[in-house]
Number of protein chains: 2
Amino acid sequence: MTVFDVAVWREGRVRMLDQRHLPGAEIYHHYDSAAEVAEAIREMVVRGAPAIGCAAAFGVAVEAFRLARSGLPDSWTEAMAPGLARLRDSRPTAVNLVWALERMAPLLRSGDPARVPERLLQEAEAIRAEDIASCQAMGAAGAAILPAAPEGRPLAIMTHCNAGALATAGYGTALGVIRAARERLGQVVVYATETRPYLQGARLTAWELVQDGFEVTLMTDSMAGHAMSRGLVDVVVVGADRVAANGDVANKIGTYGHAVLARRHGIPFLVACPLSTIDLATPTGAQIPIEERVAAEVTHFAGHRVAAQGVRVFNPAFDVTPAELVSALVTERGVVQVPDALRMRALFGS
Amino acid sequence: MTVFDVAVWREGRVRMLDQRHLPGAEIYHHYDSAAEVAEAIREMVVRGAPAIGCAAAFGVAVEAFRLARSGLPDSWTEAMAPGLARLRDSRPTAVNLVWALERMAPLLRSGDPARVPERLLQEAEAIRAEDIASCQAMGAAGAAILPAAPEGRPLAIMTHCNAGALATAGYGTALGVIRAARERLGQVVVYATETRPYLQGARLTAWELVQDGFEVTLMTDSMAGHAMSRGLVDVVVVGADRVAANGDVANKIGTYGHAVLARRHGIPFLVACPLSTIDLATPTGAQIPIEERVAAEVTHFAGHRVAAQGVRVFNPAFDVTPAELVSALVTERGVVQVPDALRMRALFGS
């Protein structure tokens, strides 16, 4: 089983694979403070909600070790506040970020103050290990409900963006389902949308699946409808950045369009995400804030302007897929078929 | 009214805007022979079937003036044959190219031989003027059926690819409707999709509409659904590459997805195209061949490889939007509401 080192602890520092340089170069950076990790998250060295949560957790730990080097603080809570605030503000839509920080926070106020850095590191390592285990559970649950492959060719799974090893602690949510599907079925083929503007599909999903020995076909986002109309796609599996209490799914921009097309063509549309991505405090997708990003992501590429001067830009990073378009939500605790508020609550009650 | 000088006659020469350098630079070339114009067409200085027909017509005229400078030829038909052949071969599939050459040919054999160059020029100017007039008729017909602007803001029109001035003699089909809409309503705003993989929206549509004083907002193709779900788009207007006898529309890849989303959101979806684009010999969209283009268009961006090595590529240039998703087909002879085979035949009968 492949596990990628996305954000890990190495010799007293946070080490992260710089995903901005993939697939051209495999570059690793080391960070010594929460501010540095926050900046790396903001600059998208790492992306994907669970990976961000994992990176932020290590960011908390490294901040505590940094502070401890100048002596034990009077109050860990006070001393850590600026670093935690920077981490919290680094990506507004990522719910796992807040979740990871809230899980770490009580450790600042309990037990031996001298052992706070160590406890935070243990907790960060636990977050990472749990994420990998959770992705594997999700993978198995998702693989079990895939449709059968059509006569004469392997099952063709379409995915969008990168809900992969690179977006998590190392195994992947949507791509975890694809990995588990291959283990179960022997062979699957993958259609990856390039995922403009940031090209996570072309750069990251294609990279990690090729690394992992899959047959991957890349297409632009605009080709999904044509591919479906020609019968090339049997099932769509995507990740999620935040799921509301009623099952509405905020995910990478373009997801909604794929879901609408999948429905038109009677193709199952699965969303794989950990429980930590489900935000019961957000009633529906309408309350999920949608981050708007800088114009240059759309107007430029590699420092080269491609769009006409004088044009305005609309650059939302996410969209909302209504629950009614989701065939099943796949979590580490099992599958919610045709999610709605009732079934979502039942998942947490079980 | 703005008319762009895509391919025009200037001081005894053919002048063309080099669209390969847009939007970075506005470079005009001058041509003195049919061979030079043919080379420019082959190299895609100009693109779009009506624009190519117009350029070729001026190419015929300039060739005649060039020959006349060495004295009146014994036979215009013989003297012009090599130049005409080069023009004809420059883009073998462009139907308007052959159409323009066939329209010019009889002028070589009739009337005063000394006045052949002048007559050819008049005919080329007529071809250009007729294309502009046809686009304006289309524009007026389309503008007349647009929905009303919502309270409090101008009408917002979304378009895909470049069905603009730059693809025609100078006014545009879909963008002609948008130009006419502004004349009628005082103000409209435009959402242009970038149109991967070739970025005609970002490069050409954004450029020509900014030049023309429009407020244009660029977005990736994947953002159309989100924009519609937020109520930002009131109507979609696109062009067509070929329309089947039943009203199915082949157009730039991504059009189908926009049409499906527009239907879901109750947004009118208009297709603007001249009668010459309607192919009554093709019964439905299923018979329209879909060109598949080179992988590098998807794996590379602005000349730079972005996709992981080892990935396969799916790169269809067009998709088919079924007639049932088309609210109206807008031609220079008027509008076909909810096109089907019967109403399409009626358009030609009228």
Side-chain angles (χ1 to χ4, degrees), chain A residues 22-24 160 191-197 199 202-211 215-227 229-230 232 252-258 260-261 264 290 295 298-299 301-302 304-316 318-320, chain B residues 22-24 160 191-197 199 202-211 215-227 229-230 232 252-257 260-261 264 290 295 298-299 301-316 318-320:
Chain A
L22 289 176
H160 184 62
Y191 283 87
T193 52
E194 64 173 4
T195 318
R196 280 285 289 155
L199 298 171
R203 296 190 300 107
L204 306 179
T205 293
W207 182 79
E208 75 164 83
L209 291 180
V210 168
Q211 293 288 311
E215 180 190 309
V216 192
T217 299
L218 181 66
M219 59 186 175
T220 68
D221 305 301
S222 57
M223 293 166 189
H226 182 66
S229 76
R230 296 289 157 122
L232 301 178
K252 182 53 56 195
I253 190 73
T255 302
Y256 169 55
H258 298 325
V260 170
L261 284 162
R264 180 176 168 92
I290 301 295
V298 177
T299 56
F301 186 79
H304 182 83
R305 188 173 179 103
V306 291
Q309 296 284 350
V311 78
R312 296 171 182 227
V313 169
F314 181 54
N315 186 15
F318 305 99
D319 58 24
V320 174
Chain B
L22 290 177
H160 184 64
Y191 284 86
T193 51
E194 65 175 3
T195 317
R196 283 283 287 152
L199 297 172
R203 295 189 300 108
L204 305 179
T205 293
W207 182 83
E208 74 164 85
L209 291 179
V210 167
Q211 294 288 310
E215 179 190 310
V216 192
T217 300
L218 180 66
M219 60 186 174
T220 67
D221 306 300
S222 58
M223 291 167 192
H226 183 65
S229 75
R230 295 288 158 123
L232 301 179
K252 183 55 57 195
I253 189 75
T255 302
Y256 169 55
V260 170
L261 284 163
R264 178 174 169 93
I290 301 296
V298 176
T299 55
F301 203 105
H304 185 91
R305 183 168 185 110
V306 292
Q309 298 285 349
V311 78
R312 297 171 182 226
V313 170
F314 181 54
N315 185 17
F318 307 101
D319 58 26
V320 175

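Convention: sequence-line order gives letters A, B, ...; per-chain numbering from 1. No hydrogens, no waters, no symmetry mates; every other heavy atom, side chains included, goes into these values.
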Please determine, among A/Ala192, A/Ala308, A/Gly310, the option with the most heavy-atom pairs under 4.5 Å with chain B. A/Ala308

Parallel, tilted or perpendicular: which one describes the rings of A/His226 and B/Phe314, with boundaries at 30° and 60°? parallel

Heavy-atom cut-off 4.5 Å, strictly under: side chain, backbone, both or neither for A/Leu232 against chain B? side chain

Sequence neighbours left out, what passes ring pair (Phe, Tyr, Trp, His ring centres under 6.0 Å) with A/Phe318? Give chain and number order. none

B/Pro23 versus A/Ala307, closest heavy-atom pair with distance: CG-C, 3.6 Å

Among B/Ser229, B/Gly257, B/Pro197, which has the most heavy-atom pairs under 4.5 Å with chain A? B/Pro197

Hey, which of A/Thr255, A/Ile290, A/Thr195, A/Leu209 has the most heavy atom pairs under 4.5 Å with chain B? A/Ile290

Can you tell which part of B/Val298 gets under 4.5 Å to a heavy atom of chain A, answering side chain, backbone, both or neither? both

Largest heavy-atom contact set with chain A, pairs under 4.5 Å, which of B/Met219, B/Met223, B/Arg203, B/Arg230: B/Met223

Between B/Arg305, B/Glu215, B/Lys252, which residue shows the highest count of heavy-atom pairs closer than 4.5 Å to chain A? B/Glu215

With a 4.5 angstrom heavy-atom cut-off, which part of A/Ala227 approaches chain B: side chain, backbone, both or neither? both

Answer with side chain, backbone, both or neither: which region of A/Val306 has an atom nearer than 4.5 Å to a non-hydrogen atom of chain B? both

Highest number of heavy-atom pairs under 4.5 Å with chain B among A/Val216, A/Asp319, A/Val210, A/Leu261 belongs to A/Val216

Is there a side-chain contact between B/Arg196 and A/Asp221 (heavy atoms, below 4.5 Å)? no

Residue selection (most heavy-atom pairs with chain B, distance under 4.5 Å) from A/Val320, A/Val260, A/Thr217, A/Thr193: A/Thr217

Cut-off 4.5 Å, heavy atoms of chain B, and the answer for A/Glu208 is neither

Report which part of B/Gln309 has an atom under 4.5 Å of a heavy atom belonging to chain A: side chain, backbone, both, or neither. backbone

With chain A, which of B/Ile253, B/Thr220, B/Thr299 has the greatest number of heavy-atom pairs at distances under 4.5 Å? B/Ile253

Just wondering, are more than 12 heavy atoms of other shown residues or ligands nearer than 6.0 Å to CZ in A/Arg264? yes

Among B/Leu204, B/Asn315, B/Val311, B/Leu22, which has the most heavy-atom pairs under 4.5 Å with chain A? B/Val311

